Amino acid sequence: MRKKRIAILISGTGSNMAAIVKETQNGILKDVCRVELVLSNKYSAKGLQTAGELGVPTKVVPSKGKERENYDREVLQVLEPYQPDYIVLAGFMRILSPVFIRAYKNRIINIHPADTRQFQGVGGYEWAFENGLQETCITVHYVDEGVDTGPIIGQKKVDLRGAHSVDEVKARGLPIEHSFYSEVLKDVFSKNI
Ligand code: GRF
């Protein structure tokens with residue numbers, strides 16, 4: 001049984017990335033995958049330091065001012081030597097071009113903090129709060145050429161009753177993201193081993 005090789009792409013805090021790395025080191029992902037690289041499009045991403053502290057190699061490919069396809073080709077080149085089986089997006093704030101999607105067809109996975117059938121794009125928790133949702137639904141899905149339109153792999157409800165602020169909504173949702181993402185990845189990778 002070969003462990004899947006994964007690369008995690010981030011742009012910011014990287015709390016989902018850290019949760020996944022920890023599960024590969026000492027948790028439910030231990031026997032199913034290995035994080036070969038954490039890649040960010042921003043030097044300022046806090047998650048880079050976290051990944052370093054967890055002992056995972058990091059790379060930055062700055063995206064600022066770059067044309068989308070050229071950027072994606074650059075990232076593909078950087079990823080090449082790591083030979084990832086899967087690309088795991090964890091707060092990567094860029095839309096991937098068809099060039100990238102086709103290179104890893106059906107092997108790119110994302111977590112979205114809302115039901116992708118109801119809300120796409122940035123600000124899922126803000127949307128849930130502003131609309132007074134009593135619950136929201138975290139979605140893990142394959143990435144296709146649209147924005148948050150790919151096939152849903154798994155969803156998990158978050159109880160938002162009585163939440164008074166966006167911060168409270170996030171504080172309820174994020175811990176659920178952290179455990180749920182690894183659970184879904186485990187299923188996906190185990191089935192394909
Ligand atoms: C998460 O809410 C995730 O669902 C969304 O972006 C956020 C990333 O947070 N795609 P973090 O960088 O993992 O802390």
Side-chain angles (χ1 to χ4, degrees), residues 6-25 27-29 33 35 37-54 56 58-63 75 86-96 100-101 104 108-131 133 135-160 163 165-186 188:
I6 67 172
I8 305 182
L9 273 50
I10 63 167
S11 298
T13 313
S15 65
N16 277 288
M17 173 278 297
I20 293 166
V21 170
K22 287 175 189 160
E23 293 292 356
T24 64
Q25 292 177 339
I28 62 167
L29 294 174
C33 66
V35 182
L37 179 71
V38 168
L39 184 145
S40 170
N41 66 315
K42 291 182 180 176
Y43 285 104
S44 60
K46 279 194 194 151
L48 289 168
Q49 193 186 334
T50 315
E53 285 164 6
L54 289 165
V56 178
T58 59
K59 283 258 157 85
V60 179
V61 183
S63 56
V75 175
Y86 281 88
I87 307 297
V88 172
L89 306 183
F92 187 63
M93 304 302 282
R94 284 186 64 83
I95 295 162
L96 294 165
F100 194 97
I101 306 288
Y104 288 97
I108 310 171
I109 298 172
N110 184 44
I111 188 160
H112 181 73
D115 186 339
T116 49
R117 293 167 298 195
Q118 289 187 296
F119 180 86
Q120 304 82 29
V122 179
Y125 286 134
E126 287 78 358
W127 165 80
F129 180 68
E130 280 154 21
N131 287 282
L133 299 195
E135 65 178 29
T136 197
C137 194
I138 286 158
T139 307
V140 177
H141 64 98
Y142 287 109
V143 176
D144 66 8
E145 292 180 20
V147 177
D148 300 323
T149 51
I152 293 171
I153 311 170
Q155 291 190 308
K156 184 113 180 174
K157 283 180 185 159
V158 183
D159 186 352
L160 298 182
S165 64
V166 176
D167 282 348
E168 206 177 325
V169 168
K170 286 184 185 170
R172 291 193 196 183
L174 269 170
I176 295 178
E177 289 192 43
H178 297 159
S179 53
F180 185 57
Y181 208 175
S182 288
E183 284 167 24
V184 175
L185 292 176
K186 184 181 180 206
V188 172

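Ligands are counted one by one from 1 in listed order, and the atoms in each one are counted from 1 as well. Please read these numbers as outputs of a predicted model, since none were measured by experiment.
Residue-level proximity to ligand 1 for Lys170 is absent, since no heavy atom of it falls below 4.0 angstrom.
Comparing heavy-atom distances from atom 9 (O) of ligand 1 across Asn16, Val122, Ile8, Thr13 singles out Asn16 as nearest.
Among all protein heavy atoms, the one lying closest to atom 8 (C) of ligand 1 is Gly91 CA, 3.6 Å. Atom 14 (O) of ligand 1 has its closest protein heavy atom at Ser15 OG, 2.5 Å. The shortest contact between atom 3 (C) of ligand 1 and any protein heavy atom is with Glu177 OE1, 3.1 Å. Remark: minimum distance from atom 10 (N) of ligand 1 to any protein heavy atom is reached at Ile111 O, 3.0 Å. Remark: minimum distance from atom 12 (O) of ligand 1 to any protein heavy atom is reached at Gly14 N, 2.8 Å.
Residues satisfying the ring pair (Phe, Tyr, Trp, His ring centres under 6.0 Å) criterion with Phe180, sequence neighbours excluded, are absent altogether. Residues passing the ring pair (Phe, Tyr, Trp, His ring centres under 6.0 Å) test with Phe129, sequence neighbours excluded: none.
Residue Asn110 has no N or O atom closer than 3.5 Å to an N or O atom of ligand 1.
One distance of note links CG of Leu96 with CD of Glu145; it measures 10.5 Å at 0.5 Å rounding.
Residue Gln49 qualifies as open at atom CD: its count of foreign heavy atoms under 6.0 Å is 12 or below.
Between Glu135 and Lys156, none of the side-chain N atoms (NZ, or NE/NH1/NH2) sits under 4.0 Å from a carboxylate O, so this pair counts as no salt bridge.
Screening Leu185, Asn110, Val188, Val38 for a side-chain contact (heavy atoms from CB on, under 4.5 Å) involving Val88 leaves a single residue, Leu185.
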